[in-house]
Amino acid sequence: MPELPEVETVVRGLRATLPGRRILAVRLGKTDFIDDPAALGERLPGRRIAAVERIGKFIRVELAPENGVAHPLFAAGCKYSPHPSQSSAHEPPEGVDGCLHLLVHLGMTGRLAVRGPHEPVVPHTHGFFELDDGNELRYTDIRRFGRILLVSAAALPEFQSRLGDDALFISVAAFRRQLAGRRARIKALLLDQKSVRGMGNIYADESLWRARIHPERLASRLSAQEIARLHQAIRHVLRAAIKLGGSSISDFLDAEGKPGSYQMRHRAYGREGKKCSRCGSLIRRIIVAGRSSHFCPRCQPRPRRNRPAPRHRRAPSRGAPARGARR
DNA sequence: CGTTGAACCTGTTTGC
DNA sequence: TGCAAACAGGTTCAAC
């Protein structure tokens, strides 16, 4: 259920109640989706929640140091930067306490919400974080495709660097660079979080429909105009979805337990056999990149195949070895 | 580089 | 009715 708009919706909801709260205790059910379950119980209690943000589809809960005061090394918020004189140091000195980041990925069926301690526990709730106001933050995940991990302030940049720019904020130029020279299908790249972070199956299909681009088109063959159109479509679709609280297909609920309504605006996703709202043709469903892909066969024409391979090479990324410079 | 299929896990819907 | 297959908002990995 959770793609960028749904995660953003959850984050905004949590932001209304979590910042300032202190975590008193942690209780866990099944832990096979948690990177280091023991660390949660050992390191979270006593910490105060400083912020709730979104990193692609991850929810980032920033936890201030235990004593509530950042060590001088972390004076600049929670960002640790080694002193110039000790540039070899990439980790804070042993024993020095910095911010911690609790990262939560909702997978397909994850939910994160603040509940009263006596509210009934819905099945498949595997994480309970007791707060100092008497409530608790609960993590529920039927399929347990989600993920919870703890990352130090020093390790956060490295974690982020493994993801592309946020789908909501990426510039056209960066988006174009990301697609340049890629022979992969555009749908596959939209789903690849290393390319652009935040898109999932629903919004990839919706954006492609809006931009009138077939999901199987090769990224390298998109015209500059098409790329600009797609970039624009992505922004439009994501913003509209956030405004409506995301899409609730069967069970997505925000932090307060309310469903989103963007599913009413879907033009392609989940509409196989229904009329395209733009041209009246019937929406079709095919499998692309292993996922159901919905599109209008008339508005989003099939790519012509058997054309000569693209002759342009991918621009080398900065810092990468020059072409042909293997060793 | 890219693609495909399977795996992870549980529940719901669809088809015969 | 019943049981099996297909399918589900995500990610990762092996094999080709």
Side-chain angles (χ1 to χ4, degrees), chain A residues 1-10 29-35 55-59 103-112 122-126 139-149 159 162-164 167 178-207 215-221 237-238 241-242 244-254 259-263 266 268-273 285-294 303 305 309-310 312-317 320 323 326:
Chain A
M1 61 172 86
E3 298 180 34
L4 187 153
E6 290 75 33
V7 177
E8 180 65 25
T9 298
V10 170
K30 292 188 178 176
T31 58
D32 54 354
F33 61 97
I34 301 175
D35 281 27
I55 300 179
K57 295 178 191 171
F58 281 89
I59 295 165
L103 302 182
V104 180
H105 193 297
L106 302 175
M108 294 272 256
T109 53
R111 283 188 209 170
L112 196 58
V122 305
H124 305 291
T125 300
H126 298 297
Y139 180 75
T140 305
D141 190 346
I142 296 175
R143 296 174 73 180
R144 302 202 304 285
F145 281 0
R147 188 179 165 200
I148 294 182
L149 68 159
F159 175 87
R162 279 184 244 170
L163 301 171
Q178 208 49 242
L179 304 185
R182 300 294 303 270
R183 322 271 202 104
R185 297 171 169 125
I186 185 60
K187 171 80 183 253
L189 289 185
L190 291 182
L191 293 179
D192 182 356
Q193 305 296 298
K194 293 190 290 294
S195 173
V196 172
R197 69 168 112 115
M199 297 245 114
N201 209 33
I202 294 178
Y203 299 103
D205 280 4
E206 290 302 309
S207 299
E216 288 182 302
R217 294 279 304 281
L218 298 191
S220 57
R221 310 197 67 97
V237 165
L238 293 179
I242 289 171
L244 294 186
S247 302
S248 291
I249 299 296
S250 60
D251 57 3
F252 167 72
L253 300 173
D254 66 18
S261 60
Y262 191 72
Q263 68 281 3
H266 289 178
Y269 184 84
R271 292 179 45 81
E272 182 183 16
R285 182 174 74 95
I286 58 176
I287 302 299
V288 182
R291 312 292 301 279
S292 271
S293 299
H294 313 72
R305 290 146 108 210
H312 287 301
R313 301 187 192 99
R314 179 150 168 63
S317 57
R323 213 190 130 67
R326 320 188 166 89

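Just so it is clear, the values below take in all heavy atoms, side chains as well, and ignore hydrogens, waters and symmetry mates.
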Query raised in the report: Between atom CZ in A/Arg217 and atom P in B/dG2, what is the gap in whole Å?
Result: 16 Å
Shorter than 3.5 Å, N or O on both sides, protein versus nucleotides 7-9 of chain B: list them out with atom names.
| from | atom 1 | to | atom 2 | distance (Å) |
| --- | --- | --- | --- | --- |
| B/dC9 | O4' | A/Arg143 | O | 3.3 |
| B/dC9 | O3' | A/Arg144 | NH1 | 3.3 |
| B/dC9 | O3' | A/Arg144 | NH2 | 3.3 |
| B/dC9 | O2 | A/Arg143 | NE | 2.9 |
| B/dC9 | N3 | A/Arg143 | NH2 | 3.3 |

Report task. Measure the spacing between OG of A/Ser293 and CG of A/Leu191 and express it to the nearest 0.5 Å. Result -> 7.5 Å
Query - Phosphate OP1/OP2 of C/dA8 contacted by A/Ser292 side-chain N/O (<4.0 Å) - result: yes
Query - Under-4.0 Å side-chain N/O to phosphate OP1/OP2 contact, A/Lys57 with C/dG9 - result: no
Query - Separation of atom CZ in A/Arg111 from atom P in C/dA8, rounded to whole Å - result: 19 Å
Query raised in the report: Any donor and acceptor pair, going by atom type alone, linking the side chain of A/Asp205 with main-chain N or O of A/Tyr269 inside 3.5 Å?
Result: no
Query raised in the report: By ring-ring contact (aromatic ring centres under 6.0 Å, His included), which residues pair with A/Tyr203, not counting sequence neighbours?
Result: A/Tyr262
Query raised in the report: Rounded to whole angstrom units, what separation is found between the NZ atom of A/Lys194 and the P atom of C/dC13?
Result: 9 Å
Query raised in the report: Which dot-bracket string describes DNA chain C (Watson-Crick N1-N3 plus N6-O4 or O6-N4, or G-U N1-O2 and O6-N3, all under 3.5 Å; [ ] crossing; | other strand)?
Result: .|||||||.|||||||
Query - Integer angstrom distance from the C1' of B/dG11 to that of C/dT12 - result: 22 Å
Requested in this report: Report the residues that fulfil side chain to side chain contact (heavy atoms under 4.5 Å, CB included) with A/Ala167, sequence neighbours left out, ordered by chain and then residue number.
Outcome: A/Leu4, A/Val196, A/Met199, A/Ile234, A/Leu238
Requested in this report: Report yes if at least one side-chain N or O of A/His105 is closer than 4.0 Å to OP1 or OP2 of C/dT11; otherwise report no.
Outcome: yes
Report task. Could you state the atom-to-atom distance from CD of A/Gln263 to C1' of C/dG9 in whole Å? Result -> 12 Å
Query raised in the report: How long is the line joining CG of A/Leu4 and C1' of C/dG9, in whole Å?
Result: 13 Å
Requested in this report: Return the set of residues passing ring-ring contact (aromatic ring centres under 6.0 Å, His included) with A/His124 (not counting sequence neighbours), or none when no residue passes.
Outcome: none
Report summary line: A/Ile186 CD1 to B/dG2 C1', in whole Å, measures 14 Å
Query raised in the report: If only side-chain N and O atoms of A/Gln193 are considered, is one of them under 4.0 Å from the OP1 or OP2 phosphate oxygen of C/dT11?
Result: yes
Report task. Would you mind classifying the nucleic acid contact of A/Tyr269 as base, sugar-phosphate or nothing, using non-hydrogen atoms under 4.0 angstrom? Result -> sugar-phosphate
Query - Euclidean distance, atom CD1 of residue A/Ile249 to atom P of C/dG10 [Å, nearest integer] - result: 11 Å
**Report entry** Which residues share a salt bridge (Lys or Arg N to Asp or Glu O under 4.0 Å) with A/Arg271, sequence neighbours left out
**Finding:** none
Query - A/His266 NE2 to C/dG9 P, straight-line distance once rounded to whole Å - result: 11 Å
Query - Rounded P spacing from C/dC7 to B/dT4 in Å - result: 16 Å
Report summary line: By salt bridge (Lys or Arg N to Asp or Glu O under 4.0 Å), A/Arg285 pairs with (sequence neighbours left out) A/Glu272
Query raised in the report: Under the side chain to side chain contact (heavy atoms under 4.5 Å, CB included) test, which residues partner A/Arg144, sequence neighbours left out?
Result: A/Lys30, A/Asp32, A/Phe33, A/His126
Look for any protein N or O under 3.5 Å of an N or O in nucleotides 3-6 of chain B and output each such pair with its distance, or none.
| from | atom 1 | to | atom 2 | distance (Å) |
| --- | --- | --- | --- | --- |
| B/dT3 | OP1 | A/Arg185 | N | 3.3 |
| B/dT4 | OP2 | A/Arg185 | NH1 | 3.3 |

**Report entry** Pairwise P distance, C/dA6 and B/dG5 [rounded to whole Å]
**Finding:** 13 Å
Query - A/Arg185 backbone acceptor or donor facing A/Glu216 side chain under 3.5 Å - result: no
**Report entry** Short side-chain N/O contact to C/dT11 OP1/OP2 from A/Arg147, under 4.0 Å
**Finding:** no
Report summary line: Hits for salt bridge (Lys or Arg N to Asp or Glu O under 4.0 Å) against A/Lys57, two or more places apart or cross-chain, chain-then-number order -> none
Query raised in the report: Taking only residues two or more places apart in sequence, or in another chain, which ones meet A/Arg147 in a salt bridge (Lys or Arg N to Asp or Glu O under 4.0 Å)?
Result: A/Asp35
Report task. Apply side chain to side chain contact (heavy atoms under 4.5 Å, CB included) to A/Glu8 and list each qualifying residue two or more places apart in sequence or on a separate chain. Result -> A/Arg12, A/Arg54, A/Ile242
